[in-house]
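Here is how names work: the chains are called A, B, and so on, in the same order as the sequence lines, proteins then strands, and each is numbered from 1. Just so it is clear, the model here is predicted, and its values are computed rather than measured.
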Amino acid sequence: MKQEDKKGTIQDINGPIVTIKLPGVQNGEQVRIGSLGLYGEVISLEGKEALAQIYESTEMVRPGEPAEGLGHPLSVELGPGLIGGIFDGVQRPLEAMFLKAGDQIPRGLSPLPLDREKLWHFSPTENLEPNMPIIGGARIGVVQETETVEHRIIVPPNIEGELIELAPEGDYNLEETIGQVRDRHGKVHHLKLYHRWPVRKPRPYQSRDNGVEPLITGQRILDTFFPLLKGSKCAVPGPFGAGKTVVQHQVARWANADIVIYVGCGERGNELVDVLDSFPKLKDPYTGRPLMDRTLLIANTSNMPVVAREASIYVGITIAEYYRDQGYDVVMLADSTSRWAEALREVSGRLGQMPVEEGYPAYLASRLAAFYERAGRVETMDCGKGSVTLIGAVSPPGGDFSEPVTSHTKEIIQTFWALSKELADARHYPAIDWVDSFSADVGTAAEWWHENIDRGWEKRRAQALGMLARDAELSRIVNLVGPEALSSAQRWVLEGAALIKEGVLQQSALDQVDTFSSPEKQFMLLNLILSVYDEGTALIELGVPVQELPEMPILARLRRCKELYDSSQIDQLKAFRDEALNDFKEIHSEYAQRGEQTA
Amino acid sequence: MSAKEYRTASAARGGLLTVANVPNIAFGDRVYIRDKQGNTRNGQVIRSSNEEVLVQVFEGTAELDLESTWVRFLDEPVEIALSPEILGRVFSGLGEPRDYRPPIVSNLRRSISAAAFNPAARTYPKEFIQTGISTIDGLNSLVRGQKLPIFSASGLPHNRLAAQIVRQAKLPDDDSRFSVVFAAMGVSYADARFFQEEFASSGVLGNVVMFVNMADDPPVERLTLPRMALTAAEYLAFDLDRHVLVVMTDMTHYAEALREVATAKGDVPARKGYPGYLYSDLAEIYERSGRIKDRHGSITLVPVLSMPSDDITHPIPDLTGYITEGQIVLSRELHNQGIYPPVHISPSLSRLMKDGIGKDFTREDHPHVSNQLYALYARALETRNLASIIGADELSARDRRYLEFADAFERRFVQQGEDEDRSIEETLNLAWDLLSSFPPQALIRVNETEIAKYHRQSE
Ligand SMILES: Nc1ncnc2c1ncn2[C@@H]1O[C@H](COP(=O)(O)OP(=O)(O)O)[C@@H](O)[C@H]1O
Ligand SMILES: [Mg+2]
């Protein structure tokens, strides 16, 4: 027991909101209540009484039972052993809980998040000598956390001073001291392989940078049409069944990030099992290592207590910032931020706060903004670069994007991947609507694509979007007056748009080949289809009847290219392109000859 | 157990009773309320402090007077007694016998509000269940441990469909039957009788546990009923190693009862008067299905709900769809055309079919065939729409093929007999009959090998 422990009693239990009499307790402080020792946190103080939200079910808790303050706010443990794990919304290790307590999550149990016995091989940073000044965030050494992730041990951000001692290379557990720092008050801090950080407090950095390169997700509609920069923020709204979770899983699988943090916030248990089962078997396309070696899961499923759901995204983002501070590009996915907002609503309702829209409290918008603000590309305390890219699913009731969570989120984010029920119903996956979606970073992304893939990227992208827009317009006409009203060129636009939809936009997450498309392959496919379209347009100008073109056998194969050639088969794709264009050339010269003969 | 009895009721409002000066009462405790006539009502503590305790009275507080009401706190949560004897029995929403037979006597009693399953304890559901219904097996496959609701509306044959699923559901190459837990909330006598006769005539009655709350029973018992039923299901699945199929009808009545109580409590409403926690509350129920590591049994959940005014965006179907692993949606339009089962495939979905079908599970072409039918039908519906505007004669030959496909699909694939139990093989072959009306190059969701093997023109 620590000295500063505070003792008190429970006054009133109102579901997850419990009033306690606990003199000296601070706002935000962690508490344990009742004979089971349930965990919670103080959310307001009123005179001698404190209101606490409890992360676990309060069933059978009674007034008069004890309560104690733990002297610190909700914090996470940051150190090696995080990656590959699955934790609940307040960072309890779920594997360990399963082994210890069985199928269901018992109350009051709180094993430490990180394994204390495991030994980690620590190599200190060279050139670090005793008596050197050292700042918070400085790297003092590394530990190989998984095959892929080198865990950089950093001085906790709130410690600064003079390095007195640094442990030599060797095996250490988490509780052993690996360094000592004397701060300017003369206090000596023992550094370990891990430290704790309060989740509601953003971790510091030197300065913010603009995003410079896109996060490559391997998903054509995302990378090519609605790019997201590393360090940016993005929302994925859509009604149920439209594909939010699949989009997030796909990004978690194929994005070129160093670390992926997936927060299942108020969603299905089986979706986390899916990740746990499939990721160890999948290979990171960039490193060839099992994907689980860079992934961490936070799980507060829909049936778990709602207050811990509110905490879960802060736990996730704090861990994300921690790896950012090590100089990594981190992607954090939150599925779904709406469930988090609902948890806010639930607590505010119990507190009797004035609801403003659909029961949500007035502070919804500012909380959302503050959360997304923790994304970003930064210069870390020790002058490296790191980023946190934040992608939040949004689950609007009834699929109505004008509801509070969607509309507030939309004002904050840079990239918006809007999912459509109509597309999903037609099994056009990913069901991302190319009209409603947007990216504010196309310009920056274009620089990257032009430099690394092809100078024609921005033009081809614009051409494709233009054709999709014309397609929508022409389809409206057809629906009014029938297809006969269209000119040949117009009908070829419809055909071309169909090719773009089937050959580029649609991408099956379940197809072994199609599930991932490298940027090269993405551009090849787009360019290929648009070249074919351009050739067709030229033929039509020459007088070739438009109905002949869709029957060309090469077009059926063109639609299948995405799943016939994987990302390493760029040469085969080029050969196919030559073949396809050749077919068109033949018709071209045939007609040109005929034209000359009749002339 | 030390039951405490008090006569200090200080207020009664709606379904809520306030009791003053009762120290140390547990939150969530069960309560018996005895009125002047000596009749007992049931309740539960929903807020507790030393000054006063708020009790939700399941039967309501009508005709209670504050002076002569006795309130007894049982000091235990709502529980159900469990033994293998529950099979073949009928219980109320409070777990009391409804079949004029004695209560279950057992040392094993469990609280009906179970703690959440640890996600790390779950295994991913993968075993294909053949229901013999093409729109489900072929296009929205059900797997063991899945939660797959039927979205229906008044007057549509959801009961008949649910009964057909109960009758026919099995694993291919495995004759072991499911045990059935049937949970009925706010149902009519006719509906209750329908299911009882169904179970009797198909000889499964001895393998069914029924929990029944009629339309004229206290609505508030609908709140405990699904939790009773699922606690029984968990016992059958994870203690007795059985595969359990839980059918719940009608979840809309459940949600309405929840709204009634929430309103009485003064909870802040979110949409259409439903409390903001409806999502979490439904999730507590639906997430109790699934498969657990090292356990032989499973819980497959088929909730039935009626969409108020046929509106799929109404909070009840909407929140359900956000929680369950897909949905089977029934259509009034198909029903009016005499098509049974009137499954509207476009909004229907099974999220778990991806891992339970295909090579080694059903047949290698299954995933692609399903996708192809979906894509063609979506296009066909657009064409039908176009035809209704400009007239079918104006359509191109290509478009007319889609129109014919839509009709054939509905008449031959969707429609089937109530006793017609199609094997997955039959369902897929039927699908290829329909696909073969298109030339191979129009079918890009199936691959070339599959076309060579199954397309009729390639024969
Ligand atoms: N890119 C995709 N490829 C294949 N199937 C998809 C894709 N996106 C979505 N789906 C299908 O849609 C279903 C629902 O997607 P999901 O992401 O779970 O929806 P949401 O999270 O929006 O409710 C999935 O189970 C899957 O069958
Ligand atoms: Mg989802």
Side-chain angles (χ1 to χ4, degrees), chain A residues 11-14 19 57-64 86 94-95 97-98 102-107 240-241 266 268-270 272-274 276-277 299 301-304 306 339 342 345-346 349 355 358-359 395 397-400 425-427 478-484 502 510 553 556 559-560, chain B residues 23-29 47-50 77 113-125 238 267-271 276-277 279-280 283-284 287-288 290 292 313 315 318 321-323 325-327 346-347 349 351-352 354 367 371 374-375 378-379 385-386 389-390 394 396 441 444:
Chain A
Q11 303 296 305
D12 175 74
I13 304 123
N14 177 13
T19 310
S57 159
T58 52
E59 195 174 275
M60 298 317 273
V61 173
R62 299 158 200 280
I86 174 167
L94 287 171
E95 277 300 342
M97 303 253 287
F98 169 54
D103 304 344
Q104 284 157 327
I105 298 176
R107 295 189 289 168
F240 66 83
R268 303 175 185 84
N270 280 332
L272 292 153
V273 181
D274 194 11
L276 281 176
D277 278 4
T301 55
S302 55
N303 54 337
M304 289 187 190
V306 64
R339 306 301 165 219
E342 286 164 12
R345 174 170 71 184
E346 167 86 28
E358 296 191 15
S395 317
D400 171 11
D425 281 358
R427 297 308 190 256
V478 170
N479 274 324
L480 288 175
V481 290
E484 295 304 317
E502 286 169 358
L510 305 176
R559 294 175 150 93
R560 289 182 192 279
Chain B
N24 303 330
I25 297 299
F27 175 78
D29 195 6
R47 180 161 187 174
S48 175
S49 72
N50 281 338
S113 59
F117 282 122
N118 185 334
R122 288 183 187 267
T123 47
Y124 201 69
F238 303 131
D267 291 335
V268 182
R271 281 175 76 218
Y277 52 79
Y279 175 83
S280 302
E284 267 176 29
E287 278 282 326
R288 286 173 80 167
I292 301 293
T313 68
D318 190 51
Y322 270 119
I323 302 163
E325 285 145 347
Q327 64 279 339
S346 305
L349 171 71
R351 296 163 189 266
L352 298 187
K354 66 185 172 74
N371 253 326
Y374 258 101
R379 170 94 189 254
N385 199 23
L386 180 61
I389 301 165
I390 62 166
E394 297 295 311
S396 65
Q441 66 270 21
I444 64 150

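Distance CZ/B:Arg122 to CG/A:Leu276: 12.0 Å, rounded to 0.5 Å.
Contact between A:Pro483 and B:Ile390 at its shortest, heavy atoms only, is CD-CD1, 3.7 Å. Annotation for B:Tyr124 and A:Asp277: closest pair CB-OD2, 3.6 Å, computed over non-hydrogen atoms. For the residue pair B:Ala283 and A:Asn303, the shortest heavy atom distance occurs at O-CB, 3.8 Å. Here the shortest heavy-atom pairing between B:Asp318 and A:Gly398 reads OD2-N, 2.7 Å. Nearest heavy atom pair, residue A:Val306 against residue B:Ser280, reads CG2-OG, 4.3 Å.
For the side chain to side chain contact (heavy atoms under 4.5 Å, CB included) test, residues two or more places apart in sequence or in another chain that qualify with B:Pro119 are A:Ile86, A:Leu94, A:Ile105, A:Ala299, A:Thr301, A:Met304. A search for side-chain hydrogen bond (donor to acceptor under 3.5 Å, both in side chains) contacts involving A:Glu95 returns nothing, not counting sequence neighbours.
Proximity to chain A is limited to the side chain of B:Ile292, based on heavy atoms less than 4.5 angstrom apart. Within the 4.5 angstrom heavy-atom criterion, only backbone atoms of B:Ile25 (N, CA, C, O) approach chain A. For chain A, the nearby parts of B:Glu325 are the backbone and the side chain; heavy atoms of each come within less than 4.5 Å. Both the backbone and the side chain of A:Arg268 come within contact range of chain B, judged by heavy atoms closer than 4.5 Å.
Relative to the ring axis of B:Tyr322, A:Arg339 places its NZ or CZ within 45° and under 6.0 Å from the centre.
Counting only heavy atoms from C-beta outward, the side chains of B:Ile389 and A:Leu480 never approach each other to under 4.5 Å.
A salt bridge does not link B:Arg271 with A:Asp400: every distance from a Lys NZ or Arg NE/NH1/NH2 to an Asp or Glu carboxylate oxygen is 4.0 Å or more.
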- Working for side-chain contact (heavy atoms from CB on, under 4.5 Å), residues A:Glu346 and B:Tyr279: CA-CA 11 Å; A:Glu346 167 86 28; B:Tyr279 175 83; over 6 Å; no
